[in-house]
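Positions are given from 1, in the same order as the sequence printed here. In this text the structure is predicted, and so the values were computed from the model without any measurement.
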Amino acid sequence: TNLAMMGVGVGFTIFFGGNLIDGIVGGLAAIWIWILQQYIQPYCMNQVAFQFVASFLTSSFICIFCIIYPFLSIQPL
């Protein structure tokens, strides 16, 4: 399932206009979401709370990557 999540992250990033490096960061974001599912989801009251927390943390993760590496395109990610 991890490999499938990475593949979907890379595929959607490239499909929406990113290049290969953006796709790799999309794959890393997919791994980050898997980590959140394993360790944060059990502490959330329901799926809505988890989706809110996961979306916020994943967006923050991507924004930090784009600040550190300015050659990344934040739009497709």
Practice item. Using the side-chain contact (heavy atoms from CB on, under 4.5 Å) rule, take Leu28 and Trp32 through it: C-alpha gap first, then chi angles, then the decisive distance, then the call. Key: CA-CA 6 Å; Leu28 291 174; Trp32 175 251; over 6 Å; no
**Study point:** Where at least one partner belongs to residues 39-60, residue pairs that pass ring pair (Phe, Tyr, Trp, His ring centres under 6.0 Å), sequence neighbours excluded
**Key:** none
Exercise for review: Work out which heavy atom in Gly23 is nearest to a heavy atom in Thr13; give both atom names and the distance.
Suggested key: N-CG2, 3.7 Å
Revision key, fill the gap. Nearest heavy-atom contact between Leu72 and Cys66 is CB-SG, 4.0 Å
**Study point:** Set of side chain to side chain contact (heavy atoms under 4.5 Å, CB included) partners for Val53, sequence neighbours left out
**Key:** Ile40, Leu57
What distance separates [X] [atom1] from [Y] [atom2], expressed to the nearest 0.5 Å?
X     : Y     : atom1 : atom2 : value
Ile33 : Thr58 : CD1   : OG1   : 4.0 Å
Leu36 : Ser55 : CG    : OG    : 9.5 Å
Cys63 : Ile68 : SG    : CD1   : 11.5 Å
Phe61 : Ile31 : CZ    : CD1   : 8.5 Å
Ile14 : Leu20 : CD1   : CG    : 5.5 Å

Review point. Any chain of hydrophobic side-chain contacts (each under 4.5 Å) joining Ile67 to Phe71?
Key: no
